[in-house]
Amino acid sequence: MAELPPPRTVLVTGATGGVGSAVARRLHAEGWIVYAAHRRPADATALRDAGLEPVRLDLTDEESVHAAAEAVGPRLDGLVNSAAIMGQGPVELTPAEAWRRQFEINVIGQAAVIRALLPALRTTGGRIVNIGAVSARVPPPFFGPIAASKAALSALTQSLRAELHRQGVKVSLVEPGAMDTAIFATADKASAELGWVGSTDTQRYYAAALDAVRATAARQTPGPVEPAVNAVVRALTARRPATLYTTGRDGRALALLRFLPDGLRDRLVLRAMGLTAGAFTEAAAPVPANAPPAP
Ligand SMILES: NC(=O)c1ccc[n+]([C@@H]2O[C@H](COP(=O)([O-])OP(=O)(O)OC[C@H]3O[C@@H](n4cnc5c(N)ncnc54)[C@H](OP(=O)(O)O)[C@@H]3O)[C@@H](O)[C@H]2O)c1
């Protein structure tokens, strides 16, 4: 009797998060052996109870990345890089520490995981799926840190894809729109902890605009994670995976905006975020004489 092929193996980072957890559970249900990368030792039990193989991995700790690669062993069919943080806030007010954390986790840590696991992926002709964000294509105001990090991840992914072209490892990028996960609450908490830089006068320039963005966000309902999960599964299993999957209704609409002239796109984005004239005329903030009219 012919031997059955061994089950496929995949490592999912951020397996305790909204997207990573759904991807891990879906792949487990489809028969994969899933290495569920998590940071906190306390999360291991729940992951094991779900039928996953917990491996500890902190993107800011390269030793833990190497230990995770060792735990996986010499063969791996898929790597899904879902772990990330979201930094938000005006470029002028965001402290250097917040920029460093953003890039340390969302770019440098992703590269470390890829470096550590590529030998095992090369053995099987495996796949890498990076989770970016549509904000990389149309970076919205006040989301500069996350958008910049995802633009860097997109560039990294494209370089990597071409570098691995002849090595049998395919690379895809999934760029979702907003999804209903804990990422927004985690981002609010991190902003509150790190605070803003800049004098009170400088901060006043942004106060009303930030209130307007918060009010707009509160009226919006982020989409479900399923479209992104489906895209990850397709990227791992399709004979010819796409290089880029843009998911979610808002994700696809935003991605289209990048084809518009910059000025028009800026006006549409500002309006969609509730940043109309009033948001830029905080009473105490002097408006520079050469300021253009708000949309
Ligand atoms: N949600 C959205 O609206 C949205 C939109 C576009 C793109 N995305 C992208 O989708 C992916 C998944 O996001 P999500 O919405 O599922 O976020 P989430 O629920 O906040 O999950 C983030 C995951 O990343 C892990 N993580 C954070 N810092 C880490 C570190 N230093 N080392 C290892 N793991 C770390 C978290 O672990 P802990 O549980 O230990 O904190 C958690 O498992 C991310 O790449 C995100 O940028 C999300």
Side-chain angles (χ1 to χ4, degrees), residues 11-26 35-44 46-47 50 52 54-65 67-68 79-88 98 100-113 116 128-140 143 145-154 156-157 172-190 217 220-229 231-232 235 244-252 254-255:
L11 183 138
V12 181
T13 69
T16 51
V19 175
S21 158
V23 165
R25 281 162 172 72
R26 169 84 170 271
Y35 295 99
H38 64 99
R39 281 194 296 181
R40 289 179 301 262
D43 287 325
L47 295 169
L52 312 172
V55 284
R56 224 189 68 73
L57 186 158
D58 186 324
L59 289 163
T60 61
D61 168 8
E62 200 151 352
E63 265 181 39
S64 83
V65 173
L79 166 63
V80 180
N81 283 310
S82 183
I85 57 163
M86 183 173 108
Q88 56 191 0
R100 279 197 200 94
R101 244 170 73 77
Q102 185 70 81
F103 277 78
E104 183 70 35
I105 293 175
N106 285 22
V107 185
I108 297 166
Q110 315 289 325
V113 172
I128 296 174
V129 187
N130 289 339
I131 315 278
V134 77
S135 61
R137 306 214 166 242
V138 183
F143 291 89
I146 177 70
S149 75
K150 291 299 189 180
L153 182 70
S154 163
L156 178 162
T157 305
S172 298
L173 180 64
V174 176
E175 290 190 335
M179 295 174 289
D180 188 11
T181 74
I183 204 166
F184 299 101
T186 311
D188 286 344
K189 192 163 162 262
Q220 288 168 346
T221 316
V225 297
E226 278 72 24
V229 175
V232 171
L244 173 67
Y245 297 86
T246 306
T247 64
R249 203 181 300 165
D250 62 329
R252 284 192 302 275
L254 268 175

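Any value given below was found using the heavy atoms of this structure, including those in side chains, with hydrogens, waters and symmetry copies removed. Note that ligands are numbered from 1 as they come in the structure, with each ligand's atoms numbered from 1 the same way. Index from 1, following the sequence.
Using 4.0 Å as the threshold, Glu175 has no heavy atom nearer than that to any atom of ligand 1. Residue Ala228 places every heavy atom at 4.0 Å or more from ligand 1. Residue contacts with ligand 1: Thr13 is excluded, as none of its non-hydrogen atoms falls under 4.0 Å.
The heavy-atom pair separating Gly14 from Ala83 by the smallest distance is N-CB, 3.5 Å. Scanning both residues, Ser82 and Thr13, for their nearest heavy atoms gives N-OG1, 2.9 Å. The shortest heavy-atom contact between Tyr245 and Ala231 is CB-CB, 3.8 Å. Shown here for Thr16 and Ser21, the closest heavy-atom pair between the two residues is C-CB, 4.4 Å. Nearest heavy-atom pair, Leu156 versus Ala111, reported as atom, atom and distance to 0.1 Å: CD1-CB, 4.1 Å.
Which parts of ligand 1 touch Val19 is read off a 4.0 Å heavy-atom cut-off, strictly below it: atoms 12 (C), 16 (O). Residue Ala178 approaches ligand 1 through these ligand atoms, each under 4.0 Å from one of its heavy atoms: 3 (O). When each atom of ligand 1 is checked for a heavy atom of Pro176 under 4.0 Å away, the hits are 6 (C), 7 (C). The contact set between ligand 1 and Leu57, taken as ligand atoms under 4.0 Å from a residue heavy atom, comprises 32 (N), 33 (C). Short contacts between ligand 1 and Phe184, defined as distances under 4.0 Å to a heavy atom of the residue, involve ligand atoms 3 (O). Residue Arg40 has at least one heavy-atom neighbour below 4.0 Å for each of these atoms of ligand 1: 38 (P), 39 (O), 40 (O), 41 (O). Atoms of ligand 1 lying under 4.0 Å from at least one heavy atom of Gly132, given by number and element, are 7 (C), 8 (N), 9 (C). For ligand 1 and Ser82, the ligand atoms under 4.0 Å from any heavy atom of the residue are 11 (C), 12 (C), 44 (C), 45 (O).
Closest to atom 10 (O) of ligand 1, if we only count protein heavy atoms, is Ile131 CG2, 3.4 Å. The single protein non-hydrogen atom nearest to atom 13 (O) of ligand 1 is Ile183 CD1, 3.9 Å, given as residue, atom name and distance. Closest to atom 37 (O) of ligand 1 among all protein heavy atoms lies Thr16 OG1, 3.3 Å. Atom 40 (O) of ligand 1 has Arg39 NE, 3.0 Å as its closest protein atom, hydrogens excluded (heavy atom only). Among all protein heavy atoms, the one lying closest to atom 19 (O) of ligand 1 is Gly18 N, 2.8 Å. The shortest contact between atom 26 (N) of ligand 1 and any protein heavy atom is with Ala83 CB, 4.0 Å. From the protein, the heavy atom lying nearest to atom 5 (C) of ligand 1 is Gly177 O, 3.1 Å. The shortest contact between atom 3 (O) of ligand 1 and any protein heavy atom is with Met179 N, 2.7 Å.
Counting heavy atoms closer than 4.0 Å to ligand 1, residue His38 contributes nothing at all. Contacts between Thr181 and ligand 1, counted as non-hydrogen atom pairs separated by less than 4.0 Å, involve the side chain only. Only the side chain of Lys150 comes within 4.0 Å of ligand 1, counting heavy atoms alone; its backbone N, CA, C and O stay farther away.
With 3.5 Å as the limit, one finds a donor-acceptor pair spanning the side chains of Thr157 and Asn130.
Close N/O approach between Ile105 and ligand 1 is not found [any backbone or side-chain N/O within under 3.5 Å]. In terms of polar-atom proximity, Ala133 is not counted as a contact of ligand 1, lacking any N or O under 3.5 Å from an N or O of the ligand. Looking at ligand 1, you won't find any N or O of Gly20 less than 3.5 Å from one of its N or O atoms. The shortest N/O to N/O separation between Asp58 and ligand 1 falls below 3.5 Å.
Side-chain contact between Thr60 and Ile105 is present, with heavy atoms from C-beta onward closer than 4.5 Å. By the 4.5 Å heavy-atom criterion applied to side chains, Ile146 and Gln88 are not counted as neighbours.
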Between Arg137 and Ser154, is a side chain to side chain contact (heavy atoms under 4.5 Å, CB included) present by the stated rule, with each step listed? CA-CA 9 Å; Arg137 306 214 166 242; Ser154 163; 3.8 Å; yes
Go through it in stages, so that I can follow the logic: the residues are Arg56 and Asp61, the test is side chain to side chain contact (heavy atoms under 4.5 Å, CB included), and I'd like the CA-CA distance, side-chain angles, deciding distance and then a yes or no. CA-CA 11 Å; Arg56 224 189 68 73; Asp61 168 8; 4.0 Å; yes
Go through Val134 and Lys150 one step at a time and tell me if the side chain to side chain contact (heavy atoms under 4.5 Å, CB included) criterion holds. CA-CA 8 Å; Val134 77; Lys150 291 299 189 180; over 6 Å; no
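Using modelled atom types, one side-chain atom of Asn106 and one backbone atom of Ile85 make a donor-acceptor pair closer than 3.5 Å.
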